[in-house]
Amino acid sequence: MAAVATDTGLNARHLACMRNDRNLFEQLSFRLGCGQALILEGRNGSGKTSLLRILCGMRQPDDGRLHWDGEDIFRLGPEYHAQIAYVGHRDGVKQDLSAGENLRLARGLGAPNPAFSIEAALDRVELWEHEDVLARNLSAGQQRRLALARLLVTRAKLWILDEPFTSLDSHGIDIVESLFANHLAGGGMLAVTSHHPVSLNDADIIRINLST
Amino acid sequence: MLRFFHQLGSPKHFYRIAGSWIPWLAAACAVLMLYGLYQGMVVAPTDYQQGDSYRIMFIHVPSAWMSLFIYVVMAAAGAIGLIWHMKLAEVIAISSAPIGASFTFLALITGSIWGKPMWGTWWVWDARLTSELILLFLYLGVMALYGAIDDKRTAARATAILAIVGVVNIPIIHYSVEWWNTLHQGPTVTKFGAPSIDIRMLIPLLVMAVAFKLFYVLVVLMRARLEVLERERNARWVRELVEAS
Amino acid sequence: MGGYAAYVWSSYAIALVVLVANVMVPIIQRRKLLARLARRQRRERRQP
Amino acid sequence: MSTASLNRAFALLLWRDLLLAFRRRTELLNPLLFFVLVTTLFPLGIGADPALLRAVAPGIIWVAALLAAMLSLDSVFRSDFEDGSLEQFLISAQPLSVLVLAKVIAHWLITGLPLLIVAPLLGLLLHMSGASIAALLLTLLLGTPVLSLIGAIGVALTVGLRRGGVILSLLVLPLYIPVLIFAADAVATSGAGLPITAHLSLLAALLVLSVSLSPLATAAALKISLS
């Protein structure tokens with residue numbers, strides 16, 4: 001495991017988040033470095049999604065600071081966003097575009113990853129020869145895998161995933177878990193919420209439970 | 001909760017200070033308005049041209065000034081709230097909207113009533129009145145947007161954006177309405193401003209203008225305290241205050 | 001008032017109504033808010 | 001991010017929206033049909049006297065164009081919001097205001113520009129002279145992008161609301177008034193045979209102002225609506 005230098009990667013200090021006057025969480029601090037995975041647990045409504053949206057920089061924390069390589073993520077703006085990839089509850093897949101077009105768009109919006117061509121990314125999630133199939137004609141599980149294939153086409157260091165396994169069958173889950181393992185082995189970082197267990201055999205895992 | 005409170009004073013601090021100012025503001029405002037009324041109604045002479053209908057000016061002109069002044073204050077407070085995340089600025093901005101709308105409405109009503117004796121019609125598409133009407137729509141837009149968004153913090157920040165966009169557009173709208181007005185109405189200068197101003201007419205006008213400003217501060221503080229209570233209802237000091245009352 | 005009394009006094013009357021309304025609304029809302037919060041706090045005390 | 005990747009993302013988003021619009025071609029007609037329909041209502045209401053129609057034609061056509069543009073605004077962010085791709089724009093490696101500009105230009109190309117195709121027909125319906133129809137086309141060319149740019153701010157503010165459409169008109173129509181005044185008057189003035197360079201320069205000024213400022217406001221509004 002690469003020695004975690006003091007301020008590389010994600011560094012959260014005393015994060016707090018309120019929803020219409022209830023404190024979802026408070027004084028939440030953690031650090032996420034290369035090869036580490038953050039697994040968020042907690043019952044529904046405990047603020048897991050809100051925390052992920054804060055990590056993405058889409059939502060301002062009500063208190064506390066969030067730093068990426070020592071710099072506040074809101075000051076970094078697009079520079080920080082080039083380092084992350086996010087798959088939320090909604091897939092973010094356009095129904096009227098084909099699988100290939102969806103991936104080409106995702107690649108253009110982020111920092112393109114030379115290692116994976118569109119074709120290779122589709123093959124990696126076992127959507128062989130689906131490049132010109134309209135997303136509307138894919139099953140929910142296939143659409144989910146297409147959304148996760150988006151992670152491969154950009155050089156995102158930090159993957160932020162909200163319930164990645166929804167509508168995936170057991171084989172789909174195996175594929176995705178191997179994606180995670182490769183990503184972490186390659187020095188990537190992961191922040192994920194999930195109801196069923198995420199088996200990342202030897203990865204360095206940080207567990208945070210928001211409903212305690 | 002550093003970012004929460006790093007603005008001017010904590011909400012609790014603001015609540016107490018504003019509370020102590022309110023009686024004084026109310027008193028000063030009442031005195032000034034009565035003095036302005038006396039000056040306007042008794043001391044000011046009858047105008048040789050308009051007779052006594054010009055006395056409506058002492059209400060119409062100050063409220064027109066206030067409608068614009070409050071919109072600018074609202075946009076500025078909204079901008080401060082957005083840029084430095086100052087909760088109190090957001091509260092002041094959103095508390096100002098209904099007051100500004102009231103003054104705009106008042107300016108419109110008194111303007112049209114004043115127009116009746118002068119032009120014989122209740123509404124005249126005069127440049128100033130038309131701009132005032134559009135300003136009312138801008139206020140209603142801000143209030144409608146605030147009402148439509150459930151989460152109070154998001155609503156305040158969204159209305160701040162709208163107020164800023166509005167304040168940028170106000171001079172453009174005013175200029176285009178002036179342009180439009182000179183086209184269709186011809187160069188008859190509609191003396192909606194103060195007629196050839198005699199000092200005894202100027203005094204009530206300025207007194208009422210100051211009185212309206214004090215009135216705005218009074219009511220915006222009252223509304224802001226209310227908004228602070230609503231937002232801080234979980235804080236200990238609010239709970240104690242509710243118990244005590 | 002030279003025949004314009006109706007216009008002048010109606011303007012001032014409307015002004016009075018608008019100003020008084022602006023002052024009364026926060027006062028009434030304050031009473032309602034305090035009552036609502038008090039009831040909420042009693043509710044919370046009953047079932048912790 | 002380098003300007004090359006910025007241009008690529010801009011072009012990509014523009015291509016995507018035009019492609020999406022092309023795949024639902026039938027929907028392209030809606031703003032046009034609305035524009036024609038609203039304009040044909042007025043003679044039925046006002047009467048068919050050519051002189052009267054010619055006098056009110058500029059105002060009618062421009063108000064109809066304004067309403068058509070406003071009604072089509074909802075499509076700018078609505079579908080992206082519902083399927084989650086709007087979130088992907090927020091966390092993209094490119095500044096959001098540039099992506100917003102791409103989407104607004106695409107919206108203008110899809111709904112604003114086509115109004116120019118139908119405008120001459122409506123000019124004839126209302127007995128407008130050749131010069132005023134030419135002015136109408138010029139003012140629509142300069143004015144409709146401003147309608148899309150300013151309208152995008154309103155849409156961004158109301159994208160998260162269930163029934164945002166009603167409020168959208170209240171937020172956006174007051175801001176359309178300068179465009180309406182200068183454009184409608186330009187058409188009327190050219191009908192009277194007078195030069196309209198002043199009007200066109202003012203419209204161009206509004207266009208430059210809204211191209212430079214409104215994407216920033218729209219981006220800020222989106223970030224707030226989605227926070």
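Order of the sequence lines sets the chain letters (A, B, ...), proteins ahead of strands, with each chain counted from 1. From a predicted model like this one, the values you see are computed outputs, not experimental measurements.
- Residues A:His14 and A:Glu26 have side chains that never bring a donor and an acceptor to within less than 3.5 angstrom of each other.
- A cation-pi contact, defined as under 6.0 Å to the ring centre and within 45° of the axis, is absent between D:Arg24 and D:Phe22.
- Residue with the most contacts toward chain D among A:Lys94, A:His89, A:Gln95: A:Lys94 (heavy-atom pairs, distance under 4.5 Å).
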Indicate every side-chain donor-acceptor pair of residues 64-71 of chain D with a distance under 3.5 Å to a residue at least two apart or in another chain.
none

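- With a 4.5 Å cut-off on non-hydrogen atoms, D:Leu226 touches chain A through its backbone and its side chain both.
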Report task. Just do the side chain to side chain contact (heavy atoms under 4.5 Å, CB included) check on D:Lys103 and D:Val100 with the steps written out, would you? Result -> CA-CA 5 Å; D:Lys103 279 201 69 64; D:Val100 159; 5.7 Å; no
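- Close approach to chain D, defined as a heavy atom under 4.5 Å from one of its heavy atoms, is seen in A:Asp96, A:Leu97, A:Ser98, A:Glu101, A:Arg104, A:Leu105, A:Gly108, A:Leu109 of residues 96-109 of chain A, taken by number.
- Listed by first and then second residue, the side-chain hydrogen bond (donor to acceptor under 3.5 Å, both in side chains) pairs that reach into residues 183-193 of chain A are A:Asp162-A:Thr193, sequence neighbours excluded.
- Within the 4.5 angstrom heavy-atom criterion, atoms from both the backbone and the side chain of D:Leu12 approach chain A.
- Highest contact tally toward chain D, considering only A:Arg59, A:Arg90, A:Arg150, is held by A:Arg90 [criterion: heavy-atom pairs under 4.5 Å].
- For D:Ile224, no part sits under 4.5 Å from any heavy atom of chain A, backbone or side chain.
- In this structure, the portion of A:Leu134 lying under 4.5 Å from any heavy atom of chain D is its side chain and not its backbone.
- Considering only residues two or more places apart in sequence or on other chains, A:Arg75 meets the salt bridge (Lys or Arg N to Asp or Glu O under 4.0 Å) condition with A:Glu71.
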